[in-house]
Each structure stands twice: as C-alpha cells, then as structure tokens.
Amino acid sequence: MGWIVSDASSFEWWGGLKTAHEITISAFLVQMTRWESVVKVINKLREKQLNKIENLSKLSVEDLEKEIRSINFYKTKARRLKAFADKVAEEGGLENFLKIEKRPILLSMEGIGEETADSLLLFAGNNVIFPQSEYLRRVMSRVLGKKLTKSGAKQIVEEKLNKDLFEYKLFHAGIVSIGKAFCYTNNPNCDKCFLKPVCRKYNYETL
DNA sequence: ATCCTGCTGC
DNA sequence: GCAGCTGGAT
C-alpha cells in the first residue's frame with residue numbers, strides 16, 4: 001500500500017511551512033496575528049536568507065524590527081526572537097533545542113507560553129505533545145457541552161488520542177480549521193459546521 | 001471600528 | 001484575572 005503515508009512530515013502542517021526554523025520564527029510572529037500576515041513576512045525573510053534562527057541572531061533588534069514591521073506587536077516580537085536566537089546558539093542549534101526535556105527552558109523564555117512551546121515541540125520538533133490553544137478550548141467546550149480550560153481540553157485530547165505524531169498533527173489542524181471557519185467566539189456559524197452532528201452546543205444549546 | 005492560531009506583568 | 005503590547009486587513 002504505497003499510497004498510505006505514515007510519515008507526518010510530508011504533509012503541509014502549520015500552514016505549509018517546511019523547516020523547523022521557519023515554523024519556529026512563525027510561532028513567535030503569529031501570536032494574536034493573522035496567519036496571512038505571517039506568511040508574507042516569512043516569504044520576505046526567506047528571500048533574504050533570514051529564514052534561519054542563526055542568521056537572525058546576527059541582526060540587531062532594530063534591524064529585526066524593520067524586517068517584521070508589518071507584524072502585530074513587532075517591537076516586542078523582534079526583542080523576543082533576538083533573545084531566542086541567541087539562546088539557540090548557546091544550546092548548540094535548533095534541532096537540539098526542540099526536545100521534550102527542553103520544555104521548561106522553552107517556557108522560561110520571553111514570548112514562549114504553553115501554546116507556543118507545545119506548538120514548537122509538535123510541529124517543529126516532531127514530539128508527541130498537543131498544543132492547548134484557544135481554538136481547542138472553544139471547540140472542545142462546545143462539542144462536549146461543558147466549560148473547559150485550555151489545559152483541561154489538552155488533557156482530554158492527550159488521553160483520547162493515540163500517542164501518534166500523525167494523529168496529533170491532524171487533530172490540531174482539524175481543530176484550527178473548524179475554529180477559524182465556524183466556531184467563532186461570538187455567533188458561531190453552527191449551521192455550516194460539519195461537527196454539528198456530534199456537537200452538544202448545536203444539539204442541546206448548552207454553552 | 002473590529003478582528004487577528006498569546007504572553008507578560010501587574 | 002486583565003490591561004497592554006502594536007499594526008495591517010477588512
């Protein structure tokens with residue numbers, strides 16, 4: 001069965017970005033920001049060979065600000081990216097840094113909270129960890145018909161899914177897709193949503 | 001005007 | 001728990 005692909009890395013996860021470096025840079029940039037804006041900046045960085053963490057660390061914060069000016073909170077994010085790039089250099093490269101045992105160090109860095117840390121570990125580092133996003137909390141809360149915290153929703157998912165990289169990435173992609181397309185904070189578009197057959201909010205008007 | 005795959009510091 | 005960060009797109 002040659003067409004059954006078990007290698008999760010050959011799919012266009014994380015908006016189609018391929019390298020751990022671009023995924024990592026975009027993870028900083030995308031916070032409270034439209035994905036489309038992030039892609040534009042990543043494309044520009046790539047043209048200038050700045051799509052690698054080591055190359056970013058050679059820039060000053062001021063120059064980095066200029067490169068990402070079109071991004072929401074660009075000053076804050078330039079500072080955080082610069083600090084992260086320097087830290088990666090200390091730790092002996094990005095690949096070595098994106099491992100589960102480094103999670104506490106990731107979380108200790110400015111600009112990396114739970115969601116970003118686990119997104120990096122899953123999509124850039126290929127670790128079986130599920131990111132606890134606001135999308136996840138919202139969709140899972142409505143489908144299950146009870147108020148969940150982000151970490152609560154994450155716990156349920158990690159309990160139920162097989163410990164499989166492909167499943168984790170696919171489920172995350174599904175949650176994000178549904179969150180963006182239908183499951184808005186206000187006035188969710190439940191009629192169009194393809195989860196409505198199994199959603200408690202839709203069927204019982206809870207939450 | 002409002003929205004956008006958060007995190008920090010208070 | 002919540003204001004602030006900070007700007008482009010619609």
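In the text below, chain A, chain B and the rest are named by the order of the sequence lines, each starting its count at 1. Treat the numbers as computed from the prediction; the structure is a model and nothing was measured.
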Quick one: side chains of residues 25-42 of chain A, donor-acceptor pairs under 3.5 Å with protein atoms, not counting sequence neighbours, listed by atom name and distance.
| residue | atom | partner | partner atom | Å |
| --- | --- | --- | --- | --- |
| Ser26(A) | OG | Trp14(A) | NE1 | 2.7 |
| Ser26(A) | OG | Glu22(A) | O | 3.2 |
| Ser26(A) | OG | Ile23(A) | O | 2.8 |
| Gln31(A) | NE2 | Gly111(A) | O | 2.9 |
| Gln31(A) | NE2 | Thr116(A) | OG1 | 3.1 |
| Thr33(A) | OG1 | Leu29(A) | O | 3.3 |
| Thr33(A) | OG1 | Gln31(A) | O | 2.9 |
| Thr33(A) | OG1 | Lys77(A) | NZ | 2.9 |

Restricting to side-chain contact (heavy atoms from CB on, under 4.5 Å), what partner residues turn up for [X], sequence neighbours left out?
X: Val157(A); result: Phe130(A), Leu136(A), Met140(A), Leu161(A), Phe171(A)
X: Ser151(A); result: Gln132(A), Thr149(A)
X: Glu115(A); result: Ser119(A), Ser133(A), Lys150(A)

Practice item. For nucleotides dC4(B) and dC5(C), find the distance between their C1' atoms and express it as a whole number of Å. Key: 14 Å
Point to revise | Integer angstrom distance from the P of dT5(B) to that of dT10(C) | key: 13 Å
Between [N] atom [atom2] and [X] atom [atom1], what is the distance in whole Å?
X: Met32(A); N: dC4(B); atom1: CE; atom2: P; result: 8 Å
X: Arg137(A); N: dT5(B); atom1: CZ; atom2: C1'; result: 14 Å
X: Tyr168(A); N: dT5(B); atom1: OH; atom2: C1'; result: 19 Å
X: Tyr74(A); N: dC4(B); atom1: OH; atom2: P; result: 23 Å
X: Ile71(A); N: dC7(B); atom1: CD1; atom2: C1'; result: 16 Å
X: Leu81(A); N: dG6(B); atom1: CG; atom2: P; result: 16 Å
X: Lys77(A); N: dC5(C); atom1: NZ; atom2: P; result: 15 Å
X: Glu134(A); N: dC3(B); atom1: CD; atom2: P; result: 14 Å

Exercise for review: Name the closest nucleotide to the Thr76(A) side chain, picking from dC7(B), dC5(C), dG8(C).
Suggested key: dC5(C)
**Study point:** Selection from dT5(B), dG7(C), dC7(B) that lies nearest to any side-chain heavy atom of Trp14(A)
**Key:** dT5(B)
Exercise for review: Flag the pair Lys169(A) and Glu12(A) as a salt bridge only when some basic side-chain nitrogen lies within less than 4.0 angstrom of an acidic carboxylate oxygen.
Suggested key: no
Exercise for review: Determine, for Glu110(A) against Arg80(A), whether the closest basic-nitrogen to carboxylate-oxygen distance falls under 4.0 angstrom.
Suggested key: yes
Counting the atoms with a prime plus P, OP1 and OP2 as sugar-phosphate, which does [X] contact under 4.0 Å by heavy atoms, base, sugar-phosphate, or nothing?
X: Phe73(A); answer: base
X: Lys180(A); answer: base
X: Ser133(A); answer: nothing

Check your understanding: At what distance, to the nearest 0.5 angstrom, does NZ of Lys147(A) lie from CZ of Arg142(A)?
Key -> 11.0 Å
Return the set of residues passing ring pair (Phe, Tyr, Trp, His ring centres under 6.0 Å) with [X] (not counting sequence neighbours), or none when no residue passes.
X: His21(A); result: none
X: Phe182(A); result: Phe194(A)
X: Tyr184(A); result: none

Interface polar pairs with nucleotides 8-10 of chain B, N/O, under 3.5 angstrom:
| residue | atom | partner | partner atom | Å |
| --- | --- | --- | --- | --- |
| dT8(B) | OP1 | Met109(A) | O | 3.2 |
| dT8(B) | OP1 | Gly111(A) | N | 3.1 |

Revision key, fill the gap. Within residues 33-48 of chain A, the residues having a heavy atom closer than 4.0 Å to DNA chain B are Thr33(A), Arg34(A), Trp35(A)
Check your understanding: Which pairs with one or both residues in residues 126-135 of chain A pass salt bridge (charged side-chain N to carboxylate O under 4.0 Å, His left out), sequence neighbours excluded?
Key -> Glu134(A)-Arg137(A)
Return a table of donor-acceptor pairs under 3.5 angstrom between the side chains of residues 92-102 of chain A and protein atoms on other chains or two or more places apart.
| residue | atom | partner | partner atom | Å |
| --- | --- | --- | --- | --- |
| Asn96(A) | ND2 | Glu91(A) | O | 3.0 |
| Lys102(A) | NZ | Glu91(A) | OE1 | 3.0 |

Review point. DNA chain B: stems of at least 3 consecutive Watson-Crick or G-U pairs, cut-off 3.5 Å?
Key: B:1-4 with C:7-10, B:6-10 with C:1-5
